[in-house]
Amino acid sequence: MADGDQLSFGDGLLSNRKKISKLSKHLAKLDEIIDWQPLVRDISIIDKTDTKTGGRPRKNPFWMIKATFLQSLFSLSDPQLEDQLIDRLSFQRFVGINLDQEIPDFSTFWRFKEALSSHSLDERIFELINQQLEAKGLMVKKGTIVDASIIPSSGRPLSDKKRKELSQTPSPQIDTDAKSSKKGGTWYFGYKGHVGVDVESKLIRKATFTPANVHDSTQTEQLVSYDEKALFGDKAYVDSHHKYSARHYGWYYGVLDKAARSQPLSSSQKKRNRKLNSVRAAVEHPFAWMKTKANLVAMRAKNQSRNRLRFLFACIGWNLNRAGFLLKKTRSVGSVAL
């Protein structure tokens with residue numbers, strides 16, 4: 001057990017088992033990739049209990065942060081997370097809960113995530129995980145691909161009249177942060193997840209989360225790390241300022257050319273776009289993984305900060321999945337070389 005917890009008598013008996021499930025092996029790999037203590041230290045600011053003020057102490061932050069990772073990786077609701085922790089020994093072992101300890105109830109998980117998002121600690125956790133991946137040499141930094149994906153809200157679009165009413169009498173059951181955006185002739189109501197992906201490793205280096213009506217190009221400066229050697233993006237990211245910035249920083253500017261209303265693309269520009277599209281296509285992989293594996297197909301929470309947390313943890317999930325693959329590949333290459 002991690003975090004200094006002692007094994008209970010029941011845990012000691014079970015620890016003699018020789019067979020290990022694939023799920024347990026997968027979770028053990030996460031412990032190999034992540035050093036949890038820096039995360040625990042940073043989230044400790046949300047614990048307001050002390051000897052002076054008293055109050056009911058929070059659950060072990062080590063448990064809570066690892067349980068939140070499980071929830072994201074397996075796309076579980078708060079009640080489902082509680083049930084799975086009760087039923088699955090592999091989940092209990094990963095989180096660090098002994099057999100003789102009580103599982104936190106689902107409302108405890110909800111309050112924990114609410115505290116994380118309200119203090120923007122979800123963004124800090126994303127940064128800390130990326131720092132650890134960079135320390136392992138996984139960020140290649142040859143270039144960054146910027147892209148965005150619309151993630152619909154589970155709520156309904158609101159009329160201007162309804163928004164005005166809600167501004168006077170807010171309702172926690174109605175999402176007023178989501179906005180509408182038109183893409184390909186179709187209207188969407190929800191949010192946009194924006195990412196800056198490392199070209200070679202496909203790891204997400206930067207991520208932002210906005211209402212759906214925010215234009216992709218407004219996030220470019222927040223999605224680059226300024227230590228890469230190239231910038232790639234689709235036509236939505238065409239911007240003379242960014243092109244000038246790329247020249248200033250000595251980057252290769254790989255944003256697709258966009259035809260003007262009275263000036264179609266030349267054959268050489270079309271050829272260049274086809275070539276760049278083959279590079280830019282790598283950014284579709286993390287979005288596809290998040291939608292199929294993390295079930296990030298709709299945002300269920302009723303405000304932007306809670307939905308941002310879910311998006312960022314999905315980004316972390318992709319990065320950890322990708323990091324596991326890259327580290328395994330590196331070890332395989334190393335063993336062949338020996």
Side-chain angles (χ1 to χ4, degrees), residues 2 20-39 65-66 68-75 90 94 122-149 193-208 223-233 251-252 254 276-296 311-338:
I20 302 175
S21 69
K22 290 182 179 180
L23 176 59
S24 293
K25 290 178 181 178
H26 176 67
L27 295 177
K29 288 179 182 177
L30 290 184
D31 279 332
E32 292 176 6
I33 295 172
I34 304 173
D35 178 4
W36 298 98
Q37 293 311 314
L39 278 64
I65 190 63
K66 295 190 82 173
T68 304
F69 270 80
L70 284 177
Q71 182 174 39
S72 176
L73 289 171
F74 295 94
S75 187
S90 57
F94 175 73
D122 49 346
E123 296 175 325
R124 179 58 181 158
I125 291 168
F126 176 74
E127 292 173 2
L128 288 171
I129 294 292
N130 272 4
Q131 287 173 13
Q132 294 187 27
L133 298 183
E134 184 170 355
K136 295 178 186 295
L138 298 180
M139 301 291 187
V140 183
K141 303 180 183 180
K142 287 186 177 180
T144 292
I145 313 169
V146 291
D147 201 9
S149 180
H194 308 259
V195 297
V197 174
D198 188 54
V199 171
E200 192 159 319
S201 68
K202 298 181 185 177
L203 294 169
I204 300 172
R205 297 191 68 189
K206 300 283 187 177
T208 62
L223 297 177
V224 295
S225 301
Y226 296 97
D227 59 2
E228 55 268 270
K229 299 176 181 178
L231 174 65
F232 300 92
W251 301 340
Y252 172 74
L276 293 175
N277 259 327
S278 63
V279 177
R280 199 191 63 79
V283 79
E284 303 297 338
H285 297 180
F287 281 128
W289 185 92
M290 285 189 275
K291 289 179 180 178
T292 56
K293 301 297 183 181
N295 197 31
L296 202 70
F311 172 68
L312 288 178
F313 268 81
C315 290
I316 294 171
W318 160 259
N319 276 0
L320 294 177
N321 179 73
R322 184 66 183 167
F325 168 79
L326 294 171
L327 290 169
K328 183 179 179 181
K329 183 179 178 182
T330 301
R331 285 194 291 266
S332 299
V333 172
S335 63
V336 170
L338 291 174

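- Using cut-offs of 30° and 60° for the angle between ring planes, the F232 and Y252 rings count as tilted.
- We find the CD1-OG1 distance between I204 and T144 to be 12.0 Å, quoted to the nearest 0.5 Å.
- Smallest separation of non-hydrogen atoms from A323 and L138: CB-CD1, 3.7 Å.
- Note that the CG atom of L133 and the CG atom of D198 stand 11.0 Å from one another [nearest 0.5 Å].
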*Start with the C-alpha gap between L23 and F94, add the side-chain angles, then the distance that decides, and say whether side chain to side chain contact (heavy atoms under 4.5 Å, CB included) holds.*
CA-CA 10 Å; L23 176 59; F94 175 73; over 6 Å; no
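- Without hydrogens or angle criteria, W251 side chain to E228 main chain gives a donor-acceptor distance under 3.5 Å.
- To the nearest 0.5 Å, atoms NZ (K141) and CG (D227) are separated by 4.5 Å.
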Atom pairs and distances, side-chain donor-acceptor, residues 279-290, under 3.5 Å, sequence neighbours left out:
| residue | atom | partner | partner atom | Å |
| --- | --- | --- | --- | --- |
| R280 | NE | N277 | OD1 | 3.2 |
| H285 | ND1 | K202 | NZ | 2.8 |

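- Ion pairing between E127 and R124 holds under the 4.0 Å rule for side-chain N and carboxylate O.
- At least one side-chain heavy atom of D31 sits under 4.5 Å from a side-chain heavy atom of K66.
- Put simply, the side chain of L312 does not reach to within 4.5 Å of the side chain of I125, judged on heavy atoms.
- Applying the side chain to side chain donor-acceptor pair (under 3.5 Å) test to pairs two or more places apart or on separate chains, those with a residue in residues 314-324 are N130-N319.
- Residues satisfying the side-chain hydrogen bond (donor to acceptor under 3.5 Å, both in side chains) test with T68, not counting sequence neighbours, are none.
- Two residues are said to be in side-chain contact when any heavy atoms from C-beta on lie closer than 4.5 Å; P38 and Q132 meet this criterion.
- Under the 4.5 Å side-chain criterion, counting only non-hydrogen atoms from C-beta, L326 is in contact with L203.
- Contact between I145 and V199 at its shortest, heavy atoms only, is CG1-CG2, 3.7 Å.
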*Kindly indicate, with the supporting measurements, whether the criterion side chain to side chain contact (heavy atoms under 4.5 Å, CB included) is fulfilled by I129 and L39.*
CA-CA 8 Å; I129 294 292; L39 278 64; 3.9 Å; yes
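- Atom-to-atom distance recorded for K22:NZ and L27:CG is 14.5 Å, nearest 0.5 angstrom.
- Residues meeting the side-chain hydrogen bond (donor to acceptor under 3.5 Å, both in side chains) test with E200, sequence neighbours left out: K142.
- Here S72 pairs with nothing under the side-chain hydrogen bond (donor to acceptor under 3.5 Å, both in side chains) rule; sequence neighbours left out.
- Not counting sequence neighbours, the partners of K291 by the side-chain hydrogen bond (donor to acceptor under 3.5 Å, both in side chains) test are S149.
- Minimum interatomic distance between G254 and L276 (heavy atoms only, all atoms of both residues): O-CD1, 3.4 Å.
- The closest side-chain heavy-atom distance from L320 to L73 is not below 4.5 Å.
- L70 contributes atom CG, which lies 8.5 Å from atom OG of S90 (distance to the nearest 0.5 angstrom).
- Summarising the geometry, atom OG1 belonging to T330 is positioned 11.0 Å from atom NZ belonging to K136; distances are rounded to the nearest 0.5 Å.
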